[in-house]
Amino acid sequence: MNDESNEQTENRLIAERREKLGELRSRGNAFPNDFRRDAVAGELHAGYDGHTHESLEQERRVVHVAGRMMAKRVMGKVSFAKIQDRSGQIQLFIERDSISPERYQAFKGWDLGDIVGASGVLFKTKTGELSVRVEELRLLVKSLRPMPEKWHGMTDHELRLRQRYVDLIVNEQSRSVFALRTELIRFLRAFLDALDFTEVETPMMHPIPGGALAKPFVTHHNALSMDMYLRVAPELYLKRLLVGGIERVYEINRSFRNEGLSTQHNPEFTMLELYQAYAGAEEVMNLTQNLIREAARTLLGRDVIEYQGTEYDLGQPFAVMTIERALKDHNADLTDDNIRDPDVLKSLCEKQGVEVKADFGAGKLQIELFEKTVERHLEGPVFMTQYPAEVSPLARMNDEDPFVTDRFELFIGGREIANGFAELNDPEDQAARFHAQAQAKVDGDEEAMFFDEDYIRALEYGMPPAAGLGIGIDRLAMFLTDSPSIRDVVLFPHLKHEAD
RNA sequence: GGGCCGUUAGCUCAAUUGGCAGAGCAGUGGACUCUUAAUCCAUUGGUUGUAGGUUCGAUUCCUACACGGCCCA
């Protein structure tokens with residue numbers, strides 16, 4: 001939108017504020033950056049809320065505070081205002097005759113949302129609220145746009161996502177969700193660093209996408225004259241690092257999948273992936289359980305988490321169940337004798353309305369049926385184990401039963417939170433699996449993997465036996481903040497274009 | 001992809017059977033020296049998501065589209 005049309009469509013509230021800004025400009029720099037504060041609201045409350053009126057009068061603590069004006073109550077010759085900074089809010093007490101009638105008159109014209117700086121002595125009002133008795137008061141930034149309604153705030157979900165900056169100004173709940181998300185990531189680092197894991201960064205632009213069954217975004221590198229793919233997972237690079245001798249490695253990674261949006265899916269999402277040499281699926285399941293339990297204890301201080309009205313006890317050992325056991329529990333027609341029979345599985349899938357392709361084997365059919373009939377019932381926390389090799393092209397086959405791999409997924413509240421497995425480190429087996437994937441891609445499966453020759457070469461040097469894990473950080477953050485949608489835990493989620 | 005619901009002032013929401021589009025907050029002007037959603041008086045503010053249709057008349061009924069939400073696939 002250009003300036004002209006902006007002016008024409010601008011509503012009167014903005015026009016009035018713009019006029020005030022014009023006046024400020026005419027009297028000097030309207031956007032000063034020479035005010036320095038020496039305290040924030042939270043510190044002051046923590047340090048002085050317990051003090052008496054008398055002890056504060058004695059101490060005469062002078063503070064410089066700054067923030068956005070969120071409340072303004074003007075009386076004849078005295079006013080109250082509340083300013084909000086990163087740590088909370090503090091009240092300003094403004095007497096006309098303490099700051100001069102001219103300043104006071106100017107202050108009366110300031111608006112909610114303006115950013116102000118103030119200095120003065122800390123004291124307590126008659127009602128006992130810690131406040132700053134203002135001696136110096138400055139307007140630091142004129143806000144041109146009106147704040148949302150002061151009591152209801154901004155509740156429109158779409159507006160909150162599109163204008164996250166306003167959501168964060170007015171919704172404490174929203175600020176606390178993102179604060180917890182940040183703490184979660186800090187926790188993950190501390191947890192893994194303490195176990196001697198090494199954090200790394202691997203490419204986000206891949207010449208060959210790999211590491212997950214997912215459709216990638218494509219981009220183009222001009223100088224190299226080649227297409228590149230935004231990573232769908234960092235797995236194959238992290239496992240190259242196992243080959244390189246980084247025996248415990250992790251990456252907190254943004255990955256990208258060119259698929260639909262939902263309450264569980266954002267096209268870009270954040271994941272923790274880790275790999276541990278000389279460990280199997282059992283060890284990594286234990287690590288997963290400890291990590292999630294400790295995350296809840298550290299961030300929320302409890303084992304029992306309520307998510308969307310249901311309680312989940314993370315303090316108990318997580319349940320473990322095989323895919324086939326769950327399939328039999330939820331599909332009366334399935335028995336030990338027919339659970340790997342493609343024809344039986346196919347007819348059950350079709351009965352459930354699942355689209356089945358001719359090249360689907362028993363393993364793929366099992367997983368389709370699992371997603372359709374079992375997944376949403378998995379309240380959990382529960383580890384589902386023994387995923388079919390057919391749908392796990394990077395996982396090690398089970399020693400007793402090569403139909404399945406030593407793979408697990410963790411479900412809580414019907415949602416997949418984590419996925420891990422003993423890693424396939426046999427280069428010839430891996431090459432064969434890549435061939436099968438490449439064939440599936442030729443046959444039209446857009447999510448199938450490419451054949452990655454360099455990865456095979458790396459395996460040929462010898463990758464230590466290992467197990468790995470991926471945890472969806474967005475989904476874990478949803479769970480820990482009781483948020484129903486991934487969009488609630490992503491600062492700027494992707495949305496369709498705003499309607500004109 | 002299918003079904004249902006929603007979109008009205010900057011924000012939060014009303015509007016009876018199709019009959020003058022309203023309130024609170026915010027804003028503007030005024031009063032007020034301890035407020036807490038301050039209070040009191042006065043007052044401005046609308047392309048009812050977009051484009052069509054039906055009608056003397058549409059926020060209201062119909063169609064399409066856009067965006068969002070929920071459910072199903």
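Chain letters run A, B, ... following the sequence lines, proteins first, then strands; residues in each count from 1.
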Checklist entry - Going by distance alone, is a donor N or O of one side chain under 3.5 Å from an acceptor N or O of the other, for A:Q91 and A:S131? => result yes
Next on the checklist: Using OP1 and OP2 only, check whether a side-chain N or O of A:R487 sits under 4.0 Å from B:G69.
Outcome noted: yes
Item to check | Sugar-phosphate only, base, or nothing, as touched by A:E355 at under 4.0 Å among non-hydrogen atoms | outcome: nothing
Next on the checklist: Could you identify the nucleotide paired to B:G6, looking across every strand shown and requiring Watson-Crick or G-U wobble geometry with both distances under 3.5 Å?
Outcome noted: B:C67
Checklist entry - Using a cut-off of 4.0 Å on non-hydrogen atoms, how would the nucleic acid contact of A:D156 be classed: base, sugar-phosphate, or nothing? => result sugar-phosphate
Checklist entry - Does a side-chain N or O from A:R73 land closer than 4.0 Å to OP1 or OP2 of B:A38, or not? => result yes
Item to check | Separation of the C1' atoms in B:A66 and B:G22, to the nearest angstrom | outcome: 28 Å
Next on the checklist: When the P atoms of B:U39 and B:A51 are compared, how many Å lie between them, rounded to an integer?
Outcome noted: 39 Å
Item to check | G-U wobble or Watson-Crick pairing nucleotide for B:A15 (cut-off 3.5 Å, both distances) | outcome: none
Checklist entry - For the side chain of A:E16 and the base of B:U28, is some donor closer than 3.5 Å to an acceptor across the two? => result no
Next on the checklist: Taking only the C1' atom of each, what is the distance from B:C11 to B:A26 in whole angstrom?
Outcome noted: 8 Å
Show each protein N/O and nucleotides 21-25 of chain B N/O combination with a separation under 3.5 Å, one pair to a line.
residue, atom, partner, partner atom, Å
B:C25, O3', A:K150, NZ, 3.4

Item to check | Value in whole Å for how far the P atom of B:A31 lies from OH of A:Y104 | outcome: 12 Å
Checklist entry - Can you list every pair that meets ring pair (Phe, Tyr, Trp, His ring centres under 6.0 Å) and has a residue in residues 98-121 of chain A, with sequence neighbours left out? => result A:F107-A:W110
Per-pair distances, 0.1 Å, donor-acceptor, side chain in residues 27-34 of chain A, under 3.5 Å, sequence neighbours excluded:
residue, atom, partner, partner atom, Å
A:N29, OD1, A:F31, N, 2.8
A:N33, OD1, A:R36, NH1, 3.3
A:D34, OD1, A:R138, NH1, 3.1
A:D34, OD1, A:R138, NH2, 2.9

Checklist entry - Can you tell me how far C1' in B:G69 sits from the matching atom in B:C32, rounded to whole Å? => result 46 Å
Checklist entry - Is atom CD of A:Q308 surrounded by more than 12 heavy atoms (other residues, nucleotides or ligands) closer than 6.0 Å? => result yes
Checklist entry - Is there a side-chain polar atom (N or O) of A:K20 under 4.0 Å from OP1 or OP2 of B:U28? => result yes
Checklist entry - Roughly how many Å is it from CG in A:L13 to P in B:G27, rounded to a whole number? => result 9 Å
Checklist entry - What salt bridge (charged side-chain N to carboxylate O under 4.0 Å, His left out) pairs are there with at least one residue in residues 475-491 of chain A, not counting sequence neighbours? => result none
Next on the checklist: Heavy atoms only, 4.0 Å cut-off, all strands: where does A:K108 land among base, sugar-phosphate and nothing?
Outcome noted: nothing
Checklist entry - Using atom P of each nucleotide, how far apart are B:A23 and B:C72 to the nearest Å? => result 42 Å
Checklist entry - Expressed as a whole number of Å, how far does the C1' atom of B:U54 sit from that of B:A64? => result 15 Å
Checklist entry - For atom C1', what is the distance between B:A58 and B:G3, given to the nearest Å? => result 27 Å
Item to check | Presence of salt bridge, A:D474 and A:R181, under 4.0 angstrom | outcome: yes
Checklist entry - According to a strict under-4.0 Å criterion, is A:K82 in side-chain N/O contact with OP1 or OP2 of B:U35? => result no
Checklist outcome for this item: Contacts of A:F383 meeting ring-ring contact (aromatic ring centres under 6.0 Å, His included) (sequence neighbours excluded), chain-then-number -> A:F318, A:F408
Item to check | Ionic contact status for A:K72 with A:D114, cut-off 4.0 Å | outcome: no
Checklist entry - Quick one: is A:T155 getting a side-chain N or O under 4.0 Å of the B:U12 phosphate, OP1 or OP2? => result yes
Next on the checklist: Applying ring pair (Phe, Tyr, Trp, His ring centres under 6.0 Å) as the test, list every pair that has at least one member in residues 75-95 of chain A; sequence neighbours left out.
Outcome noted: A:F80-A:F93, A:F93-A:F123
Checklist entry - Quick one: A:Q163 CD to B:G10 P, roughly how many Å, whole number? => result 12 Å
Checklist entry - With both distances under 3.5 angstrom, what nucleotide forms a Watson-Crick or G-U wobble pair with B:G57? => result none
Item to check | Separation of B:C11 P from A:N171 CG (nearest whole Å) | outcome: 14 Å
Checklist entry - With rounding to whole Å, what would you report as the distance between B:G29 and B:G68 at their P atoms? => result 39 Å
Next on the checklist: Regarding A:L159, tell me which of base, sugar-phosphate or nothing describes its non-hydrogen contacts under 4.0 Å with the strands shown.
Outcome noted: sugar-phosphate
Checklist entry - With distance as the sole criterion, do the side chain of A:E129 and the base of B:U36 form a donor-acceptor contact below 3.5 Å? => result yes
Item to check | Sugar-phosphate only, base, or nothing, as touched by A:V74 at under 4.0 Å among non-hydrogen atoms | outcome: base
